[in-house]
Amino acid sequence: MAEEFIEKKEERPLNFLERIIEDDLANNRVTDNIIITRFPPEPNGYLHIGHIKSIWINFGLAQKYGGKCHLRFDDTNPEKEEMEYIEAIQEDIKWLGYDWGDYLYHASDYYEQLHQIAVNLIKRDLAYVDSLSGEEVREYRGTLTTPGKNSPDRNRPINESLKLFEEMRQGKHPEGKYVLRAKIDMASPNMNLRDPALYRIKFASHPRTGDKWCIYPMYDYTHPISDAIENITHSFCTLEFEDHRPAYDWATSIDDIDHTPKQYEFARLNISYTMMSKRRLLQLVNSKVVTGWDDPRMPTISGIRRRGYSPESLIDFVSRVGVAKVESLVDHSLLEFCVREDLNKRAQRVMAILDPLKVVITNYPENKSEYLVAENNPEDPAASTREVPFSREIYIEREDFMENPPKGYHRLYPGNEIRLKHAYYITCTDVIKDEEGNILEVHCTYDPLSKGGMSSDMRRVRGTSHWVSVKHALNAEVRLYDKLFLTEVPGSETGNYLDDLNPDSLTVIKEAKVEPFLKEVKSGQYLQFLRNGYFMADSRDHSSDNLVFNRTVTLRDSWSKKVAKMG
RNA sequence: UGGGAUGUAGUGUAAUGGUAACACUGCAGAUUCUGGUUCUGCCUUUAGGGGUUCGAAUCCCUUCAUCCCAGCCA
């Protein structure tokens, strides 16, 4: 099995990044033939599914080609960054199964070095301290179609810039007063080259360096130099940084840098009916639309973990999506396919009734109980069996009974015989209703010779229902999750993604009836509630005294689809 | 209207001058102690127009469409 899987993986055609690597390796462009990549999140929020693609690319490619992948926190904007995020990010990467080993870095590790290089830049007349205000900088920058013009400070004497930069560092100037800028080209058609800011003043406390610094380096300056310091060979990032590559190359070509990493860009992952913007996800958290970053409806790694997704299914998903440079929108059904495929192979099967309807088996002895053998997973020969209690009164799903069934319905209805999974055949004899006609309970008779779920004469029944014994049933809270948004691209029509929120993204069932086995399960264990979907005990609220389960994903359901089509 | 990129079934991704394919979705059907799984089949594709070539998704020209860039964010 394992070999087949690996072989299958090997057969996958190479993506363009793999080709670049193989080409570099084949032409001895990589020192010692060891490629070094890096995954560089900014700790300003939780990781989401989109990051899984980047993690898979950076860690996965390093793994595949016998290289290394660094984890580096791009922590250059203390106003947005927090220790909580730094910790959560590490937990999420580990959960996905990747390991950075000893290679944990922070851009802030290089602040001293970065500062020294900046000083040298000034000395070489490649950077200057500018006193233009933010607004003035914008005016001087020009527009997309017109060139910018030089700042009056562009020719500030080197000594003066040196002195001012030092004063900036010492905290002698307020935020916004000065900025260190690279001297490149104010007329460049590429906006990123119109004397980009290198350092700005911020009196914010940094999660790692505290109040040691009050000037912080910008991304375009920090990232390439950090890559160079760490001897990164291949710096993979998303498409929106394509325009920054010239700035990247500018930074890695300055005299103090002796290693030249190369940047390559790939398309970020977009999935229909959700969104990957950290800023918007933060808004959902802050506005309490969801309960937190790990709300099971969130596309965050911590959210989908709590929801019950397996790391394997997520890696499989991103690998199926592939890598290219086309801006794409992957259908969420592929993600659902991947979880189902993985969970089908490993989920423990159990019986749980979400919408109980009582069934009385009138010819079954009043006080009798018995234990019946149930398979734990028909897809896994190694998964053994468990015992499930059965008695005269059971619950089945309300939708498994209809007094007047439509054509094609082969569940329980008056006169019809069905199988109770792992138990007996039963035939509906009576429907008990209240004065208003609501169905209170259903009466059936059972065939004692069909114990275990197959009749002695091998006669066939079309329907099989799951069930839970009334007197043995445990109460459970079940949270049914659905898409957070109703449109493929939230906000694409109205301009406000909040307009597209799905009001029914969460349905809480307080009184689900589940088999006793569920008292023993813990969060992290993959479950299939027979015929209902895949579930996992909630990592925050579940305990053996207070059962709480989250629905990961439904089972595929061709019947209700057919019913819907019939009208 | 400056610059940078990208256009292959509904959605992703292959095919790198030589028969357009794989997965997901959708639709049929078979199997089934989960209307699940599994299996089989079907539908639909090279943005448009020119050119080069025996032969073009691939090379050239051109048109069109989409995305990114005017943070002291990353």
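Chain identifiers are assigned alphabetically (A, B, ...) following the order of the sequence lines, protein sequences preceding nucleic acid strands; residue numbering begins at 1 within each chain.
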NA contact type, K421(A), heavy-atom cut-off 4.0 Å: base, sugar-phosphate, or nothing? base
Would you mind reading off the distance between R194(A) atom CZ and G2(B) atom C1', rounded to a whole angstrom? 8 Å
Listed nucleotide nearest any side-chain atom of L334(A), set G2(B), C72(B), C24(B): C24(B)
For a side chain to side chain donor-acceptor pair (under 3.5 Å) with H466(A), tell me which candidate from E397(A), H422(A), K421(A) qualifies. E397(A)
Is the distance from OP1 or OP2 of C73(B) to the nearest side-chain N or O of K202(A) less than 4.0 Å? yes
Check every strand shown and say whether V323(A) touches a base, only sugar-phosphate, or nothing at a heavy-atom separation below 4.0 Å. sugar-phosphate
Compare side-chain N and O positions of R411(A) against OP1 and OP2 of G35(B) and report whether any pair is under 4.0 Å apart. no
Length of the CG-P vector between N190(A) and G4(B), whole Å: 9 Å
Counting only side-chain nitrogens and oxygens, does R268(A) get under 4.0 Å of the OP1 or OP2 atom of C67(B)? no
Give a yes/no on whether any side-chain N or O of T76(A) is located under 4.0 angstrom from OP1 or OP2 of C73(B). no
Using a 4.0 Å heavy-atom cut-off, does I271(A) contact any base of the nucleic acid, only the sugar-phosphate backbone, or nothing at all? nothing
Assuming nearest nucleotide by heavy-atom distance, tell me which of G453(A) and A197(A) is located more 5' along RNA chain B. G453(A)
Integer angstrom distance from the C1' of A5(B) to that of U37(B): 43 Å
Applying a 4.0 Å non-hydrogen cut-off, can you work out what R531(A) is touching in the nucleic acid: base, sugar-phosphate, or nothing? base
Taking only side-chain nitrogens and oxygens of S560(A), does any of them come within less than 4.0 Å of OP1 or OP2 of G35(B)? no
Mind calculating the distance between NE2 (H244(A)) and P (A70(B)) to the nearest angstrom? 7 Å
Answer with base, sugar-phosphate or nothing: what part of the nucleic acid does E240(A) contact at a heavy-atom distance below 4.0 Å? sugar-phosphate
Working to the nearest 0.5 Å, report the span between NZ of K513(A) and CG of L518(A). 13.0 Å
note: E42(A), atom CD; C73(B), atom P; distance rounded to Å ~ 10 Å
For G463(A), answer base if it contacts any base atom (sugar-phosphate contacts may also be present), sugar-phosphate if it contacts only those atoms, and nothing otherwise; contact means non-hydrogen atoms under 4.0 Å. nothing
Could you go step by step and tell me if R72(A) and H106(A) meet the side-chain hydrogen bond (donor to acceptor under 3.5 Å, both in side chains) rule? CA-CA 5 Å; R72(A) 180 171 72 233; H106(A) 308 78; over 6 Å; no
For D243(A), which contact category applies under a 4.0 Å heavy-atom criterion: base, sugar-phosphate, or nothing? base
Spatial distance of atom CD (E79(A)) from atom NZ (K202(A)) [nearest 0.5 Å]: 3.0 Å
With respect to the side chain of P378(A), which nucleotide from G36(B), C72(B), U13(B) is positioned closest? G36(B)
Selection from G12(B), G4(B), U25(B) that lies nearest to any side-chain heavy atom of S333(A): U25(B)
Check K325(A) with E242(A), please: is the shortest side-chain N to carboxylate O separation under 4.0 Å? yes
Has Y248(A) got a side-chain atom pairing as donor or acceptor with D243(A)'s backbone, closer than 3.5 angstrom? no
Steps toward side-chain hydrogen bond (donor to acceptor under 3.5 Å, both in side chains) verdict (E336(A), S333(A)): CA-CA 5 Å; E336(A) 296 199 337; S333(A) 64; over 6 Å; no
Residue-phosphate contact under 4.0 Å: R141(A) side-chain N/O, G71(B) OP1/OP2: yes
Nearest-0.5 Å distance, CD of residue E81(A) to CG of residue D75(A): 5.5 Å
Would you state whether a donor and an acceptor, one from the side chain of E379(A) and one from the base of U38(B), lie under 3.5 Å apart? no
For a quick check of understanding: with a heavy-atom distance under 4.0 Å over all strands, which category does L144(A) fall into, base, sugar-phosphate or nothing? base
Enter syn or anti for the glycosidic conformation of G7(B), syn applying to angles within 90° of 0. anti
Sugar-phosphate, base or nothing in reach of S133(A), heavy atoms under 4.0 Å: base
Detail all sub-3.5 Å separations between protein N/O atoms and N/O atoms belonging to nucleotides 40-43 of chain B.
none

Think R340(A) has a side-chain N or O under 4.0 angstrom from the OP1 or OP2 of U37(B)? no
Distance check, P atoms only: C68(B) and G17(B), in whole angstrom units. 32 Å
Side chain of K561(A) only, heavy atoms from C-beta on: which candidate in G35(B), U34(B), C27(B) is closest? C27(B)
In this structure, how many angstroms lie between the P atom of C67(B) and the CD atom of E242(A), rounded? 15 Å
For Y199(A) together with Y178(A), are the ring centres under 6.0 Å from each other? no
L329(A) or H422(A): which one's nearest nucleotide on RNA chain B is closer to the 5' end? L329(A)
Can you check the K278(A) NZ to C73(B) P distance for me, whole Å? 16 Å
Answer with base, sugar-phosphate or nothing: what part of the nucleic acid does E79(A) contact at a heavy-atom distance below 4.0 Å? nothing
Whole-Å distance between U6(B) P and N15(A) CG? 15 Å
Nucleotide opposite C72(B) in a Watson-Crick or G-U pair, distances under 3.5 Å: none
Looking for any heavy atom pair under 4.0 Å, which part of the strands does R279(A) touch: base, sugar-phosphate only, or nothing? nothing
Whole angstrom value for the distance that separates P of G71(B) from CZ of R200(A): 14 Å
Taking the side chain of K565(A) as heavy atoms from C-beta outward, which of A28(B), A74(B), G36(B) is closest to it? A28(B)
Using a cut-off of 4.0 Å on non-hydrogen atoms, how would the nucleic acid contact of Y178(A) be classed: base, sugar-phosphate, or nothing? nothing
Tell me whether the centres of the aromatic rings in Y273(A) and F485(A) are closer together than 6.0 Å. no
Do the charged groups of R320(A) and D316(A) touch, with an N to O distance under 4.0 Å? yes
Contact class for Y409(A) vs. all strands (heavy atom < 4.0 Å): base, sugar-phosphate, or nothing? base
Determine the contact category for F337(A): base if any of its heavy atoms lies under 4.0 Å from a base atom, sugar-phosphate if only primed atoms, P, OP1 or OP2 are that close, otherwise nothing. sugar-phosphate
As its Watson-Crick or G-U partner within any shown strand, both distances under 3.5 Å, U13(B) has A21(B)
Of all the nucleotides listed (C67(B), A5(B), G36(B)), which has the minimum atom distance to the side chain of K325(A)? A5(B)
Under 4.0 Å between a side-chain N or O of K562(A) and OP1 or OP2 of C27(B)? no
Using purine N1 to pyrimidine N3 plus N6-O4 or O6-N4 for Watson-Crick, or N1-O2 and O6-N3 for G-U wobble, each under 3.5 Å, what pairs with U66(B)? A5(B)
In whole angstrom, give me the gap between the P atoms of C59(B) and C27(B). 38 Å
Donor-acceptor pair, distance only, cut-off 3.5 Å: does the side chain of S328(A) make one with the backbone of V330(A)? no
What's the closest nucleotide to the side chain of T464(A) if the choices are U13(B), C72(B), G35(B)? G35(B)
